Structure formats: structure tokens, C-alpha cells
Amino acid sequence: MASISLKNIVKRYGTGKAAVPVIHGVNAEIKDGEFIVLVGPSGCGKSTLLRMIAGLEEITGGELWIGDKVVNNLEPAKRNIAMVFQNYALYPHMSNYENMAYGLKLAKVPEDEIKRRVDKAAKILELSHLLDRKPRQLSGGQRQRVAMGRAIVRQPQVFLFDEPLSNLDAKLRGQTRIEIQKLHAELGITSLFVTHDQVEAMTLAQRMIVMNGGNVEQFGTPEEVYHTPASTFVAGFIGSPPMNLLKNAPNGRQGQILGIRPEHIDLVEAGGWEFMVETVELLGAERLLYGKVGGEDVTVRVEEGQPYPKPGETARISAREDRLHWFHAETGKRI
Ligand SMILES: Nc1ncnc2c1ncn2[C@@H]1O[C@H](COP(=O)(O)OP(=O)(O)O)[C@@H](O)[C@H]1O
Ligand SMILES: [Mg+2]
């Protein structure tokens, strides 16, 4: 097991005039045994960062530490890292046992040690009864677990996951998420998990790195990121539906943006702001009201069972004072 330290990590693809800067100086200190989620929109550089840590991509600038060593120039096989991808690429002609054992065979690990490790991983992943089958005889979720098993048996000091659940349907994604959490609780291996899905990030992370355009916007626990987003980007990206961001709120301040989450706005009889309701979405336990305050879009969340205005009606709403967020209008940074 090991800590990971990113010190001003830079990545440019290509050289000279054709160079494309992709990662602009990322800093992060990941503790031994932590489960970190790297989250951000598609194209923000998550895979690039992960691949640099794995050694699959050259590091243009900065220092990458794993444990007490700088590993910038250490070849992938020597980093003692296991990576799980979205496309798990199991060998179709091998049994699931053989798939999990294959890497260890290549590394000339003795047969009885291989069996011990594969059996243990299979037990943790609840695959013991499926080891003799071929991958095609498994469900998508089970196949992804075989791919994780293949990573576990290597006993790496670091696990890297690149959107491993993206190919699974919603229900299976939820189940596999829970299994990954159990796995981490059991093995305690330092893990870096990439996703573009903020719900996945919020539910899995001990701490999360929110990335945007090759920069780290915020590094914190899910609670910190939700309650004190560092920027309008984070405020809009984390939380569903996203935080309302108002340039001209009735109680606004010159040069500042007011942020208020839909779940922190109440319908009131009098006072507050005038809210023109445009559409209403009925979700199981809540109603989402979409409308306007002044000319600006505002979403309000109303609990099931409460009365709520209909499209075309005007209501009054009040933003909870202790839940207001203020951001610089120009930089988007939290004040
Ligand atoms: N081999 C490459 N050459 C040039 N640009 C690349 C290469 N790989 C990725 N990129 C660019 O780097 C940026 C980040 O890509 P990536 O790390 O795959 O993002 P993410 O995983 O967050 O979706 C994107 O703009 C992408 O087009
Ligand atoms: Mg990616």
C-alpha cells in the first residue's frame, strides 16, 4: 500500500508548436489507503491523469510520488499498480479462473500461490461458483467483477479505476458500487476512481477531486464539496438538480453571484421573491419546479405531500439565509 503525491503535474500531448496542453499543474496528496474519486466532465483530463500515474502516459512536468519514491520514469510494471477499465477485455477462450490467474502465471508465481490468491479474490467478489465458466456465460456485472479479481490477485499497492461501471445498467451500477466499497473496506488499498458521474462520485468517495479543463477545482470530502463548493463550476456540477446561480438576485450584491440549491428554497405565503412557475417535474419523493425570478432561471425542490403551484402560476419563495453561497462574478471563485 502507498500514498500518492502529485506535485505540479503537467501534461502536453505532442511537442513544439503542435503541443496541446491538457493538464495544467495538478497538485494532490492522497493518503495511504484512501479511496479518492476523480470527477469531472468528459474531456477534462481524468484518464490522462490516471494513465500518467499508471505509467502508460509520459509526464511532461512535475513530480509523481508513489510511497517515498519519485516514479516519473519508472516503467508501468515496476509501479505495482493495477488498473480496471470500462472495457474489461477478458480473454473469451479462458475460464474465469484462468483470466484471473493469467497475469500471475506470466509473472511465474507458483501454482499453489496463484490458486490461493484467486480463490481468496473470488470469495471476496462472490465469484467462487463461477470460476470454471467462460466470461460469456456471465452477466455484465459478473464480468466486471472478474476484471476486478484479475486486478486484486496482483496485490497491488494502488488500484486505478477508469469509469469501470459505465457499461453497466443503472441497477447493476448501484450494486457494483456497493461491492467496490466493500472491497475497499476489506483490502484497504489506496484507490483512485475516475467517473464523470457526480452521483457515483458522491456515493463512493472518501475524498473527491473535482476537475475542470485540466485543473483541479476542489479537493475535499463529498460533504465539503456539497456544502462549500469552491467555485461556480463545482456548485453547478455537484448536486442534482444543480445549484441555482443568480447574477441579479433581488438580494444580490454588485459583482457577485448568488448560489442557492433547489432543496434550500421554501415556498412562502408572503415576502421572499416572486417566482413564475414554467414547468413542474414529478419525481417519486419530490417535485421540481422550474421557473424564473426576475429574468433568471430558478429551480425549486418541493417535498412530496406539500402543495405546490402549477405551471403558469406565480408563487413566492424564500432562500434559506444560512444556505446562501456567494461567488466572484468574474473568477467564479467562492467568497
Ligand atoms: N493522445 C492524445 N493526443 C492529443 N490529445 C489527447 C490525447 N489523448 C487525450 N487528448 C485530449 O486530452 C484531453 C483530456 O482527455 P482525457 O484525459 O481522455 O479526458 P477525460 O478522461 O476526462 O474524458 C481531451 O481534450 C482529449 O482530446
Ligand atoms: Mg476518460
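All heavy atoms count here, side chains included; hydrogens, waters and symmetry mates do not. In each ligand, atom 1 is the first atom listed, and ligand 1 is the first ligand listed. These numbers were taken from a predicted model, which means no experiment stands behind them.
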Task: Pair Glu163-Thr195, side-chain donor/acceptor within less than 3.5 Å - done: no
Task: Test item: side-chain donor near acceptor, Ser318 and Asp266, under 3.5 Å - done: no
Open item on the list: For Phe275, does the six-membered ring have the charged nitrogen or CZ of Arg316 within the cation-pi criterion, i.e. under 6.0 angstrom from the centroid and within 45° of the normal?
Closed with: no
- [ ] Assess Arg133 against Tyr97: is NZ or CZ under 6.0 Å from the centre of the six-membered ring, and within 45 degrees of the ring's axis?
- [x] no
Open item on the list: Checking Glu263 against Arg301 for the salt bridge (charged side-chain N to carboxylate O under 4.0 Å, His left out) test, could you report, in this order, the C-alpha distance in whole Å, the side-chain angles of both residues, the deciding distance, and whether it holds?
Closed with: CA-CA 5 Å; Glu263 55 271 40; Arg301 181 177 180 273; 5.7 Å; no
Task: Whether Gly40 lies under 4.0 Å from ligand 1, heavy atom - done: no
Task: atom 16 (P) of ligand 1 touched by protein heavy atom at under 4.0 Å - done: yes
TODO: Indicate whether atom 26 (C) of ligand 1 is within a distance of less than 4.0 angstrom of some protein heavy atom.
DONE: no
Task: Whether Ser47 has an N, O or S atom under 2.8 Å from the Mg ion (ligand 2) - done: yes
TODO: Would you confirm whether Glu58, through its side chain, and Tyr13, through its main-chain N or O, come within 3.5 Å as a donor-acceptor pair?
DONE: no
Task: Short side-chain to backbone donor-acceptor contact, Thr60 and Arg12, under 3.5 Å - done: yes
Task: Within-cut-off N or O pair, Gly45 and ligand 1, under 3.5 Å - done: yes
Give the residue and atom name of whichever protein heavy atom lies nearest to [atom], and the separation in Å to one decimal.
{"atom": "atom 3 (N) of ligand 1", "answer": "Tyr13 CG, 3.4 Å"}
{"atom": "atom 14 (C) of ligand 1", "answer": "Gly43 O, 3.4 Å"}
{"atom": "atom 18 (O) of ligand 1", "answer": "Ser47 CB, 3.8 Å"}

TODO: For Thr48, take its heavy atoms, then give the atoms of ligand 1 lying under 4.0 Å from any of them.
DONE: 14 (C), 15 (O), 16 (P), 17 (O)
